[in-house]
Asks: 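I'd like to ask some things about the structure below.
In each ligand, atom 1 is the first atom listed, and ligand 1 is the first ligand listed. What you see below is based on every heavy atom in this structure, not just the backbone, and it leaves out hydrogens, waters and symmetry mates. The structure displayed is predicted, hence computed values, not measured ones.
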Amino acid sequence: MKEYLVFSKDISSTKEASNGVKAKLLEAVVDEMQNGVLVIDAKKRLLYANPFFEKTFSLEGKPDGKNLSDVIKDKAVIEAIDRMLISKEEKPQEIAVEGKGGRFFEARLVPFLMDAAPKSQMALIGFFHDVTEEKRVEAIKRDFVANVSHELRTPLASIKGYAETLLDGALDDKKTLKNFLTIIDRHANRMTALIEDLLTLSMLESHQMPMSFEPLDIKGLINSIIQGFEKQAKDKGIKLITDIGKEIPKIPADKDRLEQVIVNLVDNAIKYTNNGTVKIFVRKSDNMLQIDVEDTGIGIPEKDIPRIFERFYRVDKGRSRELGGTGLGLAIVKHIIQGHNGKIWVKSELGKGSVFSFSLPL
Ligand code: ADP
């Protein structure tokens, strides 16, 4: 790390010494800034670029008063500077920089006139503020709102459609009435599930759902969860098995949240399997406990695996909805496991089945 040395005698009463200190401080600030700073003259010669600018825009050689276009190869930067020079407004310009990962900057040019210097010698200071992360977060928020609206609009449109048909006369036919009310009820349930999942996720993300860690008997928890799924599994021709290692110690965990994780994984395993097996393994290794939920179901295409824990990401939206899914289950599961300092991952083969595994520190 670079050190900026200021001698204590400089911080003395003389004006020159104190100016020297100020200059050194300023140099340190500009050098260490995580934003690009450059200085150009009226003839578009680059007089100075701070280390961040040099690194981000891969300057070819040192500034040393060279023409901008000889040192900066990124056309977007040159064009933005040209636009700022022409425009009289102080409006920041947006620049998209290609290259590693693609970054976004907001750039501003500020005129800087030395004492009594003629206008032709005016310098301009350019500030390049990295807004990549802000843009990323903005895009996530936008997608999320669009997804939520879409997910709510679909069942709502169905409820409205069936209710209107009933009001238009179908009400008199008892069989149709029952049929339509059943459908309305199903859609209303879907909306309730979605809103509950959204609330859970938002509370987990904003850390408003405190976890209370207590020594937890994982074997007892799994056995009681399994009982609740027996009928559902039997109806789909699924054998539900547990394989729990000997001497599994109690683990520090939030019982309700961990129950939610296992219920979600087992529910998915059953949902996405027909006539097969769903097996839950519990194993202890060194200082971790690993739990696997394995199924012989439809599996997940390789290209979808990296995104499967994202909110609303589903391999087959239609199928997930039909099965009563919200597309938020795995996002919730991931948050809870991370809240336990654990890890979660999935291995899957299309048409053969999936294994969702998580490990928790003992
Ligand atoms: P959903 O409510 O749609 O089940 P999840 O977040 O629980 O939402 O899961 C996201 C997606 O991951 C599902 O829509 C499905 O495509 C896939 N998925 C999850 N678990 C399994 C599994 N055991 N087998 C196959 N696909 C699965």
Asks: Would you please indicate if the ring centroids of F128 and F52 are separated by under 6.0 Å?
Replies: no

Asks: For the ring pair F358 and H340, is the centre-to-centre distance below 6.0 Å?
Replies: no

Asks: Would N264 count as a polar contact of ligand 1, with the cut-off being nitrogen or oxygen pairs under 3.5 Å?
Replies: no

Asks: For atom 13 (C) of ligand 1, state which one of Y272, F312, F356, Y313 supplies the nearest heavy atom.
Replies: Y272

Asks: Sequence neighbours excluded, which residues qualify as salt bridge (Lys or Arg N to Asp or Glu O under 4.0 Å) partners of E151?
Replies: R190, R314, R321

Asks: Of all the non-hydrogen atoms in the protein, which one sits nearest to atom 7 (O) of ligand 1, and at what distance?
Replies: N268 ND2, 2.8 Å

Asks: For a quick check under 3.5 Å, do D267 and Q232 share a side-chain donor-acceptor pair by atom type?
Replies: yes

Asks: Give me the nearest non-hydrogen protein atom to atom 17 (C) of ligand 1 as residue plus atom name, then the distance to 0.1 Å.
Replies: I308 CD1, 3.8 Å

Asks: Backbone or side chain, does any N or O of L330 fall under 3.5 Å from an N or O of ligand 1?
Replies: yes

Asks: Measure centre to centre between the rings of F57 and F105, then say whether the value is under 6.0 Å.
Replies: yes

Asks: Between D295 and ligand 1, which residue portion shows a heavy-atom distance shorter than 4.0 Å: side chain, backbone, both, or neither?
Replies: side chain

Asks: Could you please spell out the steps behind the salt bridge (charged side-chain N to carboxylate O under 4.0 Å, His left out) verdict for K135 and E138?
Replies: CA-CA 5 Å; K135 277 202 166 267; E138 244 172 56; 5.5 Å; no

Asks: For atom 8 (O) of ligand 1, which candidate among A193, S320, G327 holds the nearest heavy atom?
Replies: G327

Asks: Residue-level breakdown please: for I300 versus ligand 1, do any non-hydrogen atoms fall below 4.0 Å on the side chain, on the backbone, on both, or on neither?
Replies: side chain

Asks: Any atoms of ligand 1 less than 4.0 Å from a non-hydrogen atom of A269? List them with their elements.
Replies: 23 (N)

Asks: Please tell me if the side chains of L201 and H335 come closer than 4.5 Å, counting only heavy atoms from C-beta onward.
Replies: yes

Asks: Within a distance under 4.0 Å of any heavy atom of T326, pick out the atoms of ligand 1 and give their elements.
Replies: 2 (O)

Asks: Output yes when the distance from some N or O of ligand 1 to some N or O of K271 is under 3.5 Å, and no in every other case.
Replies: yes

Asks: Strictly under 4.0 Å, does any heavy atom of G299 approach an atom of ligand 1?
Replies: yes

Asks: Just by distance, no angles: are the side chains of N67 and S69 close enough, under 3.5 Å, to form a donor-acceptor pair?
Replies: no

Asks: If we only count N/O pairs under 3.5 Å, is R314 in contact with ligand 1?
Replies: no

Asks: Which of the atoms in ligand 1, numbered in the order shown and given with their element, are less than 4.0 Å from a heavy-atom of V315?
Replies: 16 (O)

Asks: Under the rule for ring-ring contact (aromatic ring centres under 6.0 Å, His included), what residues qualify as partners of F104, not counting sequence neighbours?
Replies: none

